[in-house]
Amino acid sequence: MKPNKSAQSRALRRRYTVHFLLTLLAYTAVFCSAMVILNITIVPKIADWIFETTSDDVYIDPANYLEEFSTEELLIDLLESYKDNGTRYTLLWAAPEYQELLSEAGIQTDDPQRERDADLEFSIDDQYPNNLVGEVRLSSMGFGSNAYETTVIELTPMYLAYSMATREAQAIEDRGGDWKWEQLSTKEETPFHPFILRNTTFYNTARTLKIPCAILLYLLGCLVISLMEVRRALSYFDELSSAVVSLITDKLKPIRLTKDLSIAQDELNHIREESAASERAAEAAQKRNNELVAYLAHDIRTPLTSVIGFLSMVNGDERMPKDLQRFVYLASQKADSLQLLVDEFFDITRFNAQSISIERSQVGVMFLLQQLADEFYPQAKESNIQIVVTAPEEGKFCVDGEKLARALGNILKNALAYAASGTKLTIAARSTQEHWVITITNQGSEIPTENIERIFEKFYRDDDARNTKAGGAGLGLAIAKEIVLAHKGAISAVSEHGTTSFVVELPINE
């Protein structure tokens, strides 16, 4: 089942889509304008630079072939090239000095005695009329017909050299690559100019990549815009997360979000107000419950005090029968236990009903601990337990002496209740740079590891592993923890090998 889309999500979706499309449209317009400007101004310069720096130039001058090869070699090479290429040709005539060479090469002239024709169809070089090597007629298939067309060419040494030069240039071009022919002009009017053969492979490749590069650049820009929009969308989650944390940590502060999250802002503020109202109602109900428990505990204490008083008066009366004396003794003990429970309930309710106020004063460490040891001397003597106090004689700390004595008294009472008979119970105090550390250690029943963290909970008692002679409701250590925390301190316990230590840390500078 798909969740219903909230009004806030619909509003964000509309704003996000419109913002993304407008940004993409603006980017497209700017990109196209920039490409047009660059293509007019910078791209031609870059193209020329690439052409000049990456072109592989081969300079060819036909005149050099006249110096390197003889006329006979040039003539034979030309006629063999016709033969190799399958060109239909007829050597009309050749100068007498070349007749023997042609005969040796197996090349026959059409008319050895023919003189130069003044009306040639194609005279390639009129600058050397007295330097003719011969004449050749080339036949080629006419375009659009089955008839052969013929062309008569005068063979001069320069023409032969130029032909060899162009064939070698063509051979270079055939090896692969994009080559461009560039004719070089000279002062003399001749068709046999030197020329440059340029390898423009890289340049042409770069030209073909111009449009793909532009498209790739455009798509890269679109990707950047998309990432920016996603980041913008995710920032809403960060803002909402911070608002939720603020809703938990500071419930009195109104939620303030961006304009795009105005709907969520109103909803969160509504939740904040409802949560605050619920907490106020819960606190009021808890306060009424605490007050009711406190009133009941107070009302129970009055008749209970009377019962304890009457039982103490008749307890030990020799005039009563032995059985009746035992019953009165047991009733007196149970009444004392009941009074202890009522006192604990009254104290924990009073601490819950209001925060514990601490009134600090300078208190001697040894004085406070020794006073506690003296108060519990009768219980310790009854169980044959020796209480040993170790603390600096002149040490003082700034605490609420009455409340701290109550907390340490509850811990000491617990330690005495579970200490083994005939053992030693130590109360030690020492100071560090930041804390006063008070440790109460006994020898006796060990607290299981899985229960060590729970002994400071209200109403928790570890009676499965320890005896129940303490008889309390499990509130003494909880009250001690509340008092220590009110002093901005910490309390913990460690139990190993039958030794249990309660550690209270109180900050020195508080």
Side-chain angles (χ1 to χ4, degrees), residues 44 47-102 104-105 107 109 116-117 120-138 140 151-207:
D48 293 341
W49 178 80
I50 294 176
F51 183 81
E52 294 295 334
T53 55
T54 62
S55 297
D56 184 12
D57 298 342
V58 178
Y59 176 79
I60 299 176
D61 187 357
N64 293 336
Y65 287 80
L66 292 175
E67 299 177 0
E68 185 176 354
F69 301 97
S70 65
T71 303
E72 292 83 353
E73 291 174 331
L74 294 174
L75 177 59
I76 294 300
D77 183 76
L78 174 64
L79 297 177
E80 288 180 350
S81 68
Y82 288 158
K83 182 178 179 181
D84 294 338
N85 294 334
T87 304
R88 296 171 63 90
Y89 76 95
T90 302
L91 184 62
L92 299 178
W93 70 273
E97 60 265 33
Y98 304 111
Q99 289 293 334
E100 184 178 356
L101 177 65
L102 292 173
E104 293 177 359
I107 301 173
T109 58
R116 182 172 184 263
D117 190 352
L120 288 175
E121 298 177 35
F122 180 60
S123 179
I124 196 67
D125 191 353
D126 292 334
Q127 294 185 11
Y128 307 99
N130 298 320
N131 197 19
L132 288 177
V133 175
E135 293 178 1
V136 64
R137 180 173 61 227
L138 303 179
S140 59
T151 303
V152 178
I153 301 175
E154 290 183 341
L155 302 180
T156 65
M158 193 63 184
Y159 175 78
L160 296 175
Y162 184 81
S163 298
M164 179 178 282
T166 55
R167 287 195 300 275
E168 291 195 3
Q170 187 64 47
I172 294 174
E173 186 176 3
D174 291 341
R175 289 201 295 264
D178 295 332
W179 295 86
K180 180 180 180 182
W181 297 56
E182 289 188 5
Q183 199 78 25
L184 298 179
S185 62
T186 59
K187 295 180 180 180
E188 299 178 356
E189 292 296 333
T190 174
F192 308 118
H193 293 294
F195 59 89
I196 294 178
L197 191 64
R198 287 189 169 180
N199 187 353
T200 59
T201 303
F202 185 85
Y203 170 75
N204 292 332
T205 302
R207 288 186 61 187

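Just the heavy atoms: all of them, side chains too, but no hydrogens, waters or symmetry mates, feed the values below. Counting begins at 1 with the first residue of the sequence. These numbers were taken from a predicted model, which means no experiment stands behind them.
Scanning all heavy atoms of the two residues, the minimum distance from Glu135 to Leu91 falls at O-CD1, 3.4 Å. Of all heavy-atom pairs between Leu101 and Ile76, the closest is CD2-CG1, 4.0 Å. Nearest heavy atoms, Pro157 versus Leu66: O-CD2, 3.3 Å. Of all heavy-atom pairs spanning Met158 and Pro62, the tightest one is CE-CB, 4.1 Å. The heavy-atom pair separating Glu173 from Trp179 by the smallest distance is CA-CD1, 3.6 Å. Between Ala169 and Phe195 the shortest heavy-atom distance is CB-CE1, 3.8 Å.
Note: Tyr89 and Tyr82 have tilted aromatic rings, judged against thresholds of 30 and 60 degrees for the angle between ring planes.
Phe202 places none of its side-chain heavy atoms less than 4.5 Å from the side chain of Thr53. Between Ile196 and Val58 the shortest side-chain heavy-atom distance does not fall below 4.5 Å. By the 4.5 Å heavy-atom criterion applied to side chains, Tyr159 and Leu74 are not counted as neighbours.
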Intermediate values then yes/no, side-chain contact (heavy atoms from CB on, under 4.5 Å), Asp57 and Leu197: CA-CA 6 Å; Asp57 298 342; Leu197 191 64; over 6 Å; no

Residues Leu102, Leu75; criterion side-chain contact (heavy atoms from CB on, under 4.5 Å); working and verdict: CA-CA 9 Å; Leu102 292 173; Leu75 177 59; 4.0 Å; yes

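The structure places CG of Asp77 at 4.0 Å from CZ of Arg167, a figure rounded to the nearest 0.5 Å. Of the inter-residue distances, the one linking Leu155 atom CG with Leu79 atom CG reads 7.0 Å to the nearest 0.5 angstrom.
Every pair tested for salt bridge (charged side-chain N to carboxylate O under 4.0 Å, His left out) that includes a residue from residues 59-73 fails, sequence neighbours excluded, so the list is empty.
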